[in-house]
Visitor: 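Next up is a structure, given as structure tokens.
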Amino acid sequence: MHIGNLRTALYCYLYARRHKGIFILRIEDTDQERFVPGATEIIYQTLQECGMTHEEGPDTGGKYGPYVQSQRKDIYLRYAKRLVQLGGAYYCFCSKERLETLAEEQSGANGEKTYKKYDKHCLHLPKEEIKRRLAAGEPYVIRQNIPLSGTSSYTDLVFGEISVDFSDIEDNILIKSDGLPTYNFANVVDDHLMKISHVFRGSEYLSSTPKYNLIYDTFKWERPQYIHLPLIMRDAQHKLSKRHGDANFDDFIKKGYLPEAIVNYIALLGWSPGDNREKLSFAELIAAFDIAGISKSGSIFDEPKLRWLNAQYLKELSPEEFNRRAIPFYEQSKVKNKYDYAKLSALLQSRAEILSDIPDAVDFLEEFGDFDNALYLNQKQKVDAAVAKAALTALIPAVEAISDWSLTTIHDSVSAFAETSGFKKGQLLWSARIAVTGRASTPGGAFEMFDLLGKPETLRRLKYSLERL
RNA sequence: GGCUCCAUGGUCAAGCGGUUAAGACACCGCCCUUUCACGGCGGUUACAGGAGUUCGAACCUCCUUGGAGUCACCA
């Protein structure tokens with residue numbers, strides 16, 4: 001599920017909960033060409049992982065089913081015919097070829113792109129001819145009959161008053177030649193039949209909503225409240241797209257983000273509770289959600305901030321829970337089955353921002369070799385390669401002398417040695433940590449690294465690195 | 001291109017005619033830990049431009065500029 005869709009669902013859910021409403025899941029699958037096996041299951045699973053439960057839907061049932069549009073074909077056709085009778089729509093037999101010709105005729109003279117608009121050709125077909133062609137089984141579509149002039153307006157709860165001239169809207173297809181409706185029609189019929197009070201959707205529908213309102217009006221149905229949501233952008237120019245491959249909920253889960261963090265983050269992308277809170281639980285989100293806090297301008301998805309939020313959620317997990325979630329990532333790393341995961345987790349919980357940081361953070365335990373001696377450089381501790389060399393030379397015998405290898409004995413022995421060594425403790429530890437890991441940043445200090453590696457490996461690495469200084 | 005919409009730091013954003021223009025992420029610095037992080041403290045950075053309305057505009061109006069959406073037998 002795309003992050004944008006998920007946010008729309010989230011706002012719907014939050015609003016429904018906040019106002020003791022009903023959250024309905026409806027599957028809009030009227031485009032059989034875009035059918036993706038398993039897609040519905042992903043929707044169920046994602047909503048469940050995020051804690052959004054619906055009281056009506058294909059799997060839960062409800063009074064207004066079926067909740068899958070492909071199973072409501074007859075309903076749409078029935079209403080479409082009624083709309084034709086009311087003058088709000090008409091049969092169209094135009095071939096694809098004619099429509100293409102139409103587009104060419106209207107193309108700009110100097111090769112620039114011009115946009116076509118259907119010429120209402122079939123609107124003027126005699127009744128008898130329509131009857132005859134229908135009876136003959138000729139393929140047809142049903143088009144919406146948009147007035148040639150006039151203006152339509154409505155009030156969006158986020159954007160305010162929106163008005164569009166009918167002359168700017170074309171006679172869109174309501175029922176396709178395969179008998180299924182387009183979104184343009186299905187959404188109106190279903191929303192009415194299912195008693196939908198509030199329509200939350202992306203702002204790409206902002207200017208096509210007058211078309212839908214026209215249908216409501218023709219049927220004399222009550223129009224719903226509209227809440228159009230600003231787009232989520234990848235950067236200032238492009239909206240977050242599936243094509244980038246990382247805009248899906250599942251991708252973030254695979255990267256080791258927690259559903260709670262994702263939900264919290266996207267809730268705040270385009271909406272503000274009005275106060276300074278950045279980290280809100282699901283219950284707090286429900287209590288605080290208010291349409292007035294939705295912003296109008298698009299927001300850029302900022303992964304670093306999601307990372308930070310995720311780190312907050314990671315830190316408040318119990319050690320056991322953190323370890324449980326981290327295990328799959330140890331399994332993907334070089335330390336697989338070689339280290340005590342719980343011990344690693346204790347070090348990593350306060351350091352990892354996302355779980356997929358784990359393999360890289362931990363691989364040095366199994367992978368050690370040459371590294372750039374510039375890593376020893378540390379202004380504050382006054383360490384450079386020369387100091388490191390002297391420090392390591394002095395430190396090695398002291399490490400060799402440690403009997404009973406444990407975090408405590410390592411700590412006590414090295415600290416005691418530091419007193420008499422003539423080196424500052426910081427110089428010793430800094431040099432040792434670099435020497436033993438070959439990394440600037442590690443999931444713990446020198447003591448933890450020694451403890452993790454064990455005495456033989458620690459000494460081997462200390463000597464190996466010293467030789468190269 | 002027509003139409004619709006949008007415009008506060010690099011990013012998310014508060015602000016609703018009188019504010020030293022919040023807060024968060026990121027970045028930088030300091031402290032803590034004589035080691036990596038975490039954490040704490042502090043700092044740099046914003047009202048797109050121009051007219052108008054007003055005693056007074058980030059807030060209201062208009063224009064300009066920039067950006068987005070849309071113009072399918074997709075949703």
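To find a chain, count down the sequence lines: A is the first, B the second, and so on, and within it residues start at 1. Just so it is clear, the model here is predicted, and its values are computed rather than measured.
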Visitor: Which label fits A:Y226 and A:H228: parallel for a plane angle under 30°, tilted from 30 to 60°, or perpendicular past 60°?
Guide: parallel

Visitor: Would you call the rings of A:F200 and A:F289 parallel, tilted or perpendicular, taking 30° and 60° as the class edges?
Guide: tilted

Visitor: In the strands shown, is B:rU70 matched to any nucleotide by a Watson-Crick or G-U wobble pair with both distances under 3.5 Å, and which?
Guide: B:rG2

Visitor: Take a 6.0 Å sphere around CD of A:E161 and say whether it holds more than 12 heavy atoms from other residues, nucleotides or ligands.
Guide: yes

Visitor: Nearest to the A:V164 side chain among B:rA68, B:rA75, B:rC3, which nucleotide is it?
Guide: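 The closest nucleotide is B:rC3.
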
Visitor: Taking the nucleotide of RNA chain B with the nearest heavy atom to each, does A:K380 or A:E33 sit closer to the 5' end?
Guide: A:K380

Visitor: What orientation do A:Y183 and A:Y212 show, parallel under 30°, tilted 30 to 60°, or perpendicular over 60°?
Guide: perpendicular

Visitor: Going by purine N1 to pyrimidine N3 plus the second Watson-Crick contact, or the G-U wobble pair, all under 3.5 Å, which nucleotide sits opposite B:rU34?
Guide: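 Base-paired to nothing in any strand shown.
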
Visitor: Tell me the partner of B:rA57, counting only Watson-Crick (N1-N3 plus N6-O4 or O6-N4) or G-U wobble (N1-O2 and O6-N3) with both under 3.5 Å; none if nothing fits.
Guide: none

Visitor: May I ask you to say what A:Q237 touches in the nucleic acid, namely base, sugar-phosphate or nothing, with a heavy-atom cut-off under 4.0 Å?
Guide: sugar-phosphate

Visitor: Would you please test A:C92 and A:Y118 for side chain to side chain contact (heavy atoms under 4.5 Å, CB included) and show each step?
Guide: CA-CA 11 Å; A:C92 173; A:Y118 181 63; 3.3 Å; yes

Visitor: Would you say A:L365 and A:L452 make side-chain contact, with heavy atoms under 4.5 Å?
Guide: yes

Visitor: Where do N or O atoms of nucleotides 7-12 of chain B meet protein N or O atoms at under 3.5 Å, pair by pair?
Guide:
unit_1: B:rC12; atom_1: OP1; unit_2: A:I300; atom_2: N; d: 3.1
unit_1: B:rC12; atom_1: O2'; unit_2: A:L268; atom_2: O; d: 3.3

Visitor: Under 4.0 Å between a side-chain nitrogen and a carboxylate oxygen: does that hold for A:E320 and A:R325?
Guide: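 No, no charged N to carboxylate O under 4.0 Å.
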
Visitor: Parallel, tilted or perpendicular: which describes the rings of A:F252 and A:Y257, with under 30° parallel and over 60° perpendicular?
Guide: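 Rings of A:F252 and A:Y257: perpendicular, over 60°.
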
Visitor: Pick base, sugar-phosphate or nothing for A:D168, based on heavy-atom distances below 4.0 Å to the nucleic acid.
Guide: sugar-phosphate

Visitor: Answer yes when A:E316 and A:K279 have at least one side-chain N-carboxylate O distance shorter than 4.0 Å, and no when they do not.
Guide: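 Salt bridge between A:E316 and A:K279, a charged N being under 4.0 Å from a carboxylate O: yes.
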
Visitor: At less than 3.5 Å, do the side-chain atoms of A:S203 and the base atoms of B:rC5 form a donor-acceptor pair?
Guide: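 No.
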
Visitor: If the cut-off is 4.0 Å, is A:K176 near the phosphate of B:rA75, judged by side-chain N/O to OP1 or OP2?
Guide: yes

Visitor: What's the CD1-P distance between A:I266 and B:rA24, to the nearest Å?
Guide: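 Atom-to-atom, A:I266 to B:rA24, this comes out as 23 Å.
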
Visitor: B:rU19 pairs with which nucleotide, Watson-Crick or G-U wobble, both distances below 3.5 Å?
Guide: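 WC or wobble partner does not exist here.
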
Visitor: For a quick test of reading the model: is some side-chain N or O of A:T182 closer than 4.0 Å to OP1 or OP2 of B:rA72?
Guide: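 Negative; the distance criterion is not met.
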
Visitor: Is B:rA48 paired to anything, Watson-Crick or G-U wobble with both distances less than 3.5 Å, and if yes, which nucleotide?
Guide: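 WC or wobble partner is B:rU64.
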
Visitor: For B:rU11, give its Watson-Crick or G-U wobble partner with both distances under 3.5 Å, or none.
Guide: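 The answer is B:rA24, by the H-bond criterion.
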
Visitor: Produce the list of close N/O pairs, under 3.5 Å, pairing protein atoms with atoms of nucleotides 36-40 of chain B; give distances to one decimal.
Guide:
unit_1: B:rC36; atom_1: O4'; unit_2: A:R433; atom_2: NE; d: 3.3
unit_1: B:rC36; atom_1: O2'; unit_2: A:S441; atom_2: OG; d: 3.3
unit_1: B:rC36; atom_1: O2'; unit_2: A:T442; atom_2: N; d: 3.0
unit_1: B:rC36; atom_1: O2'; unit_2: A:T442; atom_2: O; d: 3.1
unit_1: B:rC36; atom_1: O2; unit_2: A:R351; atom_2: NH1; d: 2.1
unit_1: B:rC36; atom_1: O2; unit_2: A:T442; atom_2: O; d: 3.1
unit_1: B:rC36; atom_1: O2; unit_2: A:G444; atom_2: N; d: 3.0
unit_1: B:rC36; atom_1: N3; unit_2: A:R351; atom_2: NH1; d: 2.4
unit_1: B:rC38; atom_1: O3'; unit_2: A:K315; atom_2: NZ; d: 3.1
unit_1: B:rG39; atom_1: OP1; unit_2: A:K315; atom_2: NZ; d: 3.3

Visitor: Counting only side-chain heavy atoms from C-beta out, which of B:rA68, B:rC73, B:rU70 sits nearest to A:L231?
Guide: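 Nucleotide nearest to A:L231's side chain: B:rA68.
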
